[in-house]
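A note on names: the letters A, B, ... follow the listed sequences, proteins ahead of strands, and every chain is numbered from 1. What you are looking at is a predicted structure, and each value in this text was computed from that prediction instead of being measured.
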2 protein chains.
Amino acid sequence: MSRPRAADSASRARILRAAAAEFAARGYAGANVDRIARTARLNKAMIYYHFTSKAALYHEILNDMFGAVRRQVVEIAQSPLNPQEKVRRYVAAIAGEAEARPHFPPIWLREIAEGGEHIDKATVGYVRDVLGALSSIIDEGVRAARFHRVNPMVFQGGIIAPLMFFFATTGLRRRLARGGATGAADISTGEVVAHLQQLALAQLEGKLT
Amino acid sequence: MSRPRAADSASRARILRAAAAEFAARGYAGANVDRIARTARLNKAMIYYHFTSKAALYHEILNDMFGAVRRQVVEIAQSPLNPQEKVRRYVAAIAGEAEARPHFPPIWLREIAEGGEHIDKATVGYVRDVLGALSSIIDEGVRAARFHRVNPMVFQGGIIAPLMFFFATTGLRRRLARGGATGAADISTGEVVAHLQQLALAQLEGKLT
DNA sequence: GTCTATAAATAGATAGAC
DNA sequence: GTCTATCTATTTATAGAC
């Protein structure tokens, strides 16, 4: 049998963990396969035993991220909750999946910066489904006369971009605070999520005008 | 005299333009000095004639970006406008400087992703001043009993992150639209700026609760 | 100021032993 | 499954001619 046993999967998992950290810290081009191997307490050849290439390794990490978000968001959209509650959970779900993966926010930010250079068809599908689920939640609220119609892309950007910004800047904000910047210090995840939930609902309920 | 004449400055400027585009597209680690030289219609040696290193070249671009934002924002904070108008102009100023430099949003997003790895003391100073100016605008509004007090960092993140997201995703959004995503198509800069101005003021004026 | 040529280091990927 | 050794290509940086 060629299927990996427990010990094999363990080293494969170590590679994935090490690679996620490396891609997050240095980006795709800056990531070093040899360093990934050392972090995983293995050698370079093992990476090419488990994965076809540096690119394939990266895609696996990318699709785990976007796949996890899609799963959560589609489930929320199909649930029997009311539209307001769905929006709150939508925000919390993205925050939750990002917080569960320290590499998520940096990799997400870099992909946006590259214009989605490494985004393959599978990833495009995930993003399409996430935006589709969001659209259906908004539609449901509009039909129930509780929401105003908003552009899903503008709405989504207003939520996910600040979220990724805050998760990714934890270290930088500390540094800025030491450099004399006001109010850059620690803000809790809960505060930011609550704030963005409120902001999201205020937009949908037309409280801005 | 060793000061460059017109022709010299022209090639220096071409290097800076080419480098900005390269760093934006591929990130610091991914940027290739030889490709920068070719884009600038020069050769690699000329880059090391005008700049001490790849890192020095990058810092010059970074500090031009953050310096421009600081100049604008400090001027707005010190102007005799009312606090609401200052907030509107604050949002528009960041959008304006970003739009004037196509490399600005991608480089900004990448720096956030790296936790400000390439941010030197000069850059930290710029960011500190920008947050300081924002804080003074908020304080002014609070004293005039027009604004509620908000955390400047949370507030700033809610504005600049969506702005950079939208500028950086122009190409990607078209691709997602072709891939079947709803509402991902073209949204104008004016719309996004107006939306974020409204969102900013709604927060400060306590319209969210 | 601008070029060619090259040094010196680094990195993705593979061969082949165990 | 795991390793060492190595090939090959790329890349930052510099020497030196014009």
Side-chain angles (χ1 to χ4, degrees), chain A residues 1-62 103 107 110-111 114 117-118 120, chain B residues 1-62 103 107 110-111 114 117-118 120:
Chain A
M1 271 279 285
S2 73
R3 189 147 67 90
R5 285 155 295 152
D8 312 339
S9 299
S11 68
R12 194 177 191 277
R14 284 213 309 280
I15 292 171
L16 280 169
R17 257 202 312 278
E22 175 79 2
F23 286 128
R26 298 167 199 264
Y28 179 78
N32 182 310
V33 177
D34 207 37
R35 192 161 34 219
I36 293 172
R38 282 198 305 273
T39 305
R41 302 193 311 277
L42 290 164
N43 58 74
K44 221 171 8 176
M46 276 309 290
I47 295 193
Y48 292 95
Y49 173 76
H50 281 295
F51 302 90
T52 42
S53 65
K54 180 183 174 180
L57 178 54
Y58 185 70
H59 279 123
E60 187 141 333
I61 292 164
L62 214 55
H103 60 273
I107 291 179
R110 286 182 201 274
E111 275 307 316
E114 304 212 354
E117 174 117 356
H118 304 282
D120 57 17
Chain B
M1 221 31 210
S2 73
R3 188 149 67 91
R5 283 157 295 152
D8 312 340
S9 298
S11 68
R12 194 178 192 278
R14 283 213 309 278
I15 292 171
L16 280 169
R17 257 202 312 279
E22 175 78 3
F23 286 129
R26 300 170 198 263
Y28 179 77
N32 181 310
V33 177
D34 207 38
R35 192 160 34 217
I36 294 172
R38 281 198 305 273
T39 305
R41 302 192 312 276
L42 291 163
N43 58 74
K44 222 175 359 183
M46 277 307 290
I47 294 191
Y48 291 97
Y49 173 76
H50 281 294
F51 302 91
T52 41
S53 66
K54 179 183 175 179
L57 178 54
Y58 184 71
H59 279 123
E60 189 141 330
I61 292 164
L62 214 55
H103 59 274
I107 291 179
R110 287 182 201 275
E111 275 307 315
E114 304 212 354
E117 172 117 357
H118 304 281
D120 57 16

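Contact annotation: Y48(A) side-chain N/O to dA13(C) OP1/OP2 distance is under 4.0 Å. Of the side-chain N and O atoms in N43(B), none sit less than 4.0 angstrom from OP1 or OP2 of dT2(C). Taking side-chain N and O atoms only, S11(A) has a distance below 4.0 Å to OP1 or OP2 of dT2(D).
The distance from atom OH of Y49(B) to atom P of dC18(D) is 19 Å, rounded to the nearest whole Å. Following rounding to the nearest Å, H50(B) (NE2) and dC3(C) (C1') show an atom-to-atom distance of 13 Å. Regarding I47(B), its CD1 atom lies at a distance of 13 Å from the P atom of dT14(D), rounded to whole Å. As rounded to whole Å, 16 Å separates atom P of dA13(D) from atom CE of M46(B).
With values rounded to the nearest 0.5 angstrom, I47(A) atom CD1 is found 8.0 Å from D34(A) atom CG. Of the inter-residue distances, the one linking L62(A) atom CG with H59(A) atom NE2 reads 6.5 Å to the nearest 0.5 angstrom.
Heavy-atom nearest nucleotides on DNA chain C were determined for Y28(A) and for A45(A), and the one closer to the 5' end corresponds to Y28(A).
For the pair E114(B) and R110(B), the salt-bridge criterion is not met [side-chain N within less than 4.0 Å of a carboxylate O].
DNA chain C lies under 4.0 Å from at least one heavy atom of each of the following residues of residues 30-40 of chain A: A31(A), N32(A), V33(A).
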